[in-house]
Amino acid sequence: MKKIHRGWFILILITCCVLASLGFGRFSFGAILPFMKNGLHLNYQETGYLASSIFLGYLFAVFVAGYFVIRFKEKRVIISSLILISIGMVLTAMAPNFYIAYLGCLMIGLGTGGVYVPSLGILSQWFSNKSKGMAMGIAMAGSGIGMVFSGLTIPMLIDQTGINGWRIGWYLLALLVIIIAIINVFFLINRPKDLNLKPIEKGKESLLIKEQRNASLDTNVYRNKTIWFLGFIYFTWGVSYLVFSTFLVDYLIVDRGFKNKLAGTFFAVAGITSIISGFIWGSLSDRIGRMFTLIVVFFIQSFLLLSISFSGNSILIFLIIVIYGVTLWAVPSIINASVSDYIHPKYITVGMGFVTVFFSTGQLVSPVITGFLIEYSNSYFTAFLFSSASALFGGLGCVKLLLNNRKNAEFNHSD
C-alpha cells in the first residue's frame with residue numbers, strides 16, 4: 001500500500017483548528033445567542049454589539065496575525081490563540097452582565113482570528129495550486145461541524161438545564177477547544193520541508209488558465225491591486241452572510257414562530273449541508289477558475305437570501321437553508337486559495353490576513369446595521385434584503401475582477 005502523505009494528517013489537524021476557532025468560537029455563537037440574550041436580558045442593539053465584539057477582536061487579530069507568524073511561526077500562534085479562545089469562552093459563561101460578556105466575546109474573537117489565518121497559511125504550504133482550493137474547502141468543513149454540534153446541543157442543554165443552559169454550552173465548548181489545542185501541540189507541523197517532504201501535488205491545472213495564476217508572486221501585499229479587489233469582494237460576503245449565520249435561529253423563533261428545538265435543528269441542517277460546501281466549490285475552482293466559481297456562488301446566495309425574506313412556508317424555508325448551506329463556505333475557501341495564487345509563499349499569511357481584515361470589517365459593521373434594521377422595522381425582512389444586496393455586489397465585483405484578469409492575461413500573452 002502506498003504510504004499516505006503527511007499533508008493529509010495536517011489537513012485533518014487544520015480542520016480541527018477551524019472547528020475550534022470558527023466552528024466553536026464563531027458559529028456556535030449564532031445558536032447560543034437567543035438564549036444568551038434572554039439570560040442576560042439584552043435588547044437587539046445590545047445583541048448586535050455583542051456579536052460585533054467577536055468581529056472586533058477577529059479584525060484586530062487577522063490584521064497582526066501575519067506578522068506574529070513571521071516572528072513566532074504558525075504553530076505557536078495557533079496554540080496560543082486556541083488557549084485564548086477557551087479563556088474567553090469561560091469568561092463569557094460566567095458573565096453576570098452585558099459588559100463582561102462583551103469582554104469574553106472580544107477575547108473569543110481575538111483567538112479565532114489568531115487560529116484561522118495561520119491555519120490556512122499552513123495549508124498553502126502543504127498543498128500545491130492544483131489542489132489548494134480543495135484543501136481549503138475541506139478545512140472549512142470545521143465551521144459546518146461546529147454549526148451542527150451547537151445547533152443540536154445548545155437547545156438540548158436549555159431543555160435539560162433551564163435558562164442557564166447557554167452557560168454550560170460555553171463551558172463545554174471551552175473544554176473541546178483545549179483538547180484540540182493539546183492535540184496540535186504534539187502533531188502540528190508548519191511546513192513539509194521540516195520533514196524533508198514536498199507539498200501534495202494532487203489534481204490538474206485550471207481549465208480557465210486565463211486567470212493568470214502565479215503570474216505575479218508578489219512580495220508586497222499592500223501594492224497588489226488584485227489582493228485589494230479580493231478584499232472588497234470578501235468584505236461584501238462578510239456583510240452578507242452575517243444575517244444567516246448569526247440571526248437564523250432567532251429569525252425562525254421570533255418571526256416564524258418555530259419552537260427552540262426545531263429552530264436549532266434547522267440551524268444544524270445548514271451546518272450539515274455546509275460541511276461539503278467548501279470541498280465542492282473549492283475543488284470546482286481548482287478546475288474552472290476561482291472568479292468564475294465565485295460569481296456563481298454569490299448570485300445563488302443573493303437569490304436565496306432574497307427568497308427567505310419573502311417566504312413564510314416552513315418547507316420552502318427548509319429548502320432555502322439546505323441550498324444556502326451547500327454554498328456557505330465556498331467564498332472563504334476560494335478567496336484564500338486565490339490569495340496564495342498571487343502572493344509569494346513567505347507572505348501568504350500576511351496576504352490572507354490582509355484580505356480577512358476586509359471580511360472582518362464587513363462582519364463588524366453588519367450586525368450593528370442588522371440590529372438597527374430589525375429594531376426599527378420590528379422584523380427580519382429588511383435585514384435579509386440588505387444581506388441579499390450585499391451578496392449581489394460581491395458577485396458583480398467578481399465579474400469585474402475576472403474580466404480584469406483575462407485582459408491582463410491576454411496582454412501578457414501578446415507580449
Side-chain angles (χ1 to χ4, degrees), residues 7-8 10-11 14-15 17-18 62 65-67 69-70 73-74 77-78 113 115-140 189-193 197-206 208-209 211-234 237 278-279 281-294 329-359 398 401-402 405 408-409:
W8 296 110
I10 298 298
L11 179 54
I14 294 302
T15 304
C17 289
V18 174
V62 298
Y67 298 99
V69 164
I70 291 171
K73 303 301 179 189
E74 291 91 343
V77 176
I78 289 169
V115 173
Y116 177 62
V117 173
S119 293
L120 295 189
I122 285 181
L123 275 192
S124 68
Q125 305 291 336
W126 281 92
F127 289 83
S128 72
N129 281 349
K130 294 178 184 178
S131 53
K132 209 170 280 181
M134 176 270 298
M136 300 277 184
I138 291 174
M140 289 306 299
I189 306 293
N190 287 324
R191 288 171 179 79
K193 68 179 182 182
L197 295 173
K198 290 184 177 179
I200 292 173
E201 288 277 353
K202 185 179 174 66
K204 298 178 181 179
E205 291 292 352
S206 170
L208 299 183
I209 206 68
E211 280 201 315
Q212 205 191 5
R213 291 185 201 165
N214 291 325
S216 173
L217 285 179
D218 209 335
T219 56
N220 194 322
V221 173
Y222 308 115
R223 289 183 185 175
N224 190 311
K225 290 180 181 178
T226 302
I227 298 300
W228 277 86
F229 219 115
L230 286 171
F232 163 75
I233 292 165
Y234 213 5
W237 191 72
F279 171 74
W281 298 98
S283 299
L284 190 63
S285 79
D286 289 331
R287 294 291 291 129
I288 68 169
R290 311 284 189 219
M291 286 306 110
F292 187 76
T293 310
L294 278 177
W329 308 127
V331 176
S333 302
I334 298 170
I335 289 286
N336 283 292
S338 299
V339 170
S340 60
D341 288 342
Y342 290 97
I343 294 295
H344 190 280
K346 185 180 177 182
Y347 297 95
I348 284 172
T349 309
V350 176
M352 287 180 177
F354 183 63
V355 296
T356 309
V357 166
F358 288 83
F359 164 64
C398 293
L401 186 53
L402 178 62
N405 284 351
N408 291 337

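All values derive from a computational prediction rather than experimental measurement.
Residues Met136 and Ser124 form a side-chain contact, since some pair of their non-hydrogen atoms from C-beta on lies under 4.5 Å apart. The closest side-chain heavy-atom distance from Trp126 to Ile189 is below 4.5 Å. You'll find the side chain of Val339 stays beyond 4.5 Å of the side chain of Tyr347, heavy atoms only. Residues Tyr234 and Pro332 meet the side-chain proximity criterion, which asks for heavy atoms closer than 4.5 Å.
In this structure, the separation between OG on Ser333 and CG on Asp286 is 10.5 Å, given to the nearest 0.5 Å. Between the OH atom in Tyr116 and the CG atom in Asn336 there is a gap of 4.5 Å [rounded to 0.5 Å]. Note that the CG atom of Leu294 and the CD1 atom of Ile233 stand 6.5 Å from one another [nearest 0.5 Å]. Taking CZ of Arg191 as the start and CD1 of Ile122 as the end, the distance is 8.0 Å to the nearest 0.5 Å. Note that CD1 of Ile334 is 8.0 Å distant from CH2 of Trp281, once rounded to the nearest 0.5 Å. Note that the CG atom of Asp341 and the CD1 atom of Ile348 stand 9.0 Å from one another [nearest 0.5 Å].
Closest of all the heavy-atom pairs between Pro118 and Val77 is CG-CG1, 3.9 Å. The shortest heavy-atom contact between Ala65 and Gly113 is CB-O, 4.4 Å. Closest heavy-atom contact between Leu123 and Ala139: CD1-CB, 3.6 Å.
No option in Ile14, Val18, Ile78 other than Ile78 meets the side chain to side chain contact (heavy atoms under 4.5 Å, CB included) test with Val115.
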inquiry  = I'd like to know whether Leu230 forms a side-chain contact (heavy atoms from CB on, under 4.5 Å) with Phe359, so could you lay out the CA-CA distance, the side-chain angles of the two residues, the decisive distance to 0.1 Å, and finally the verdict.
reply    = CA-CA 10 Å; Leu230 286 171; Phe359 164 64; over 6 Å; no
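Using bins of under 30°, 30° to 60° and over 60° for the plane-to-plane angle, the ring pair Tyr222/Tyr67 lands in the parallel bin. Between Trp228 and Phe358, the ring-plane angle classifies as perpendicular under the 30° and 60° cut-offs. Phe232 and Phe229 have perpendicular rings, their planes meeting at more than 60° on a 0 to 90° scale where under 30° would count as parallel.
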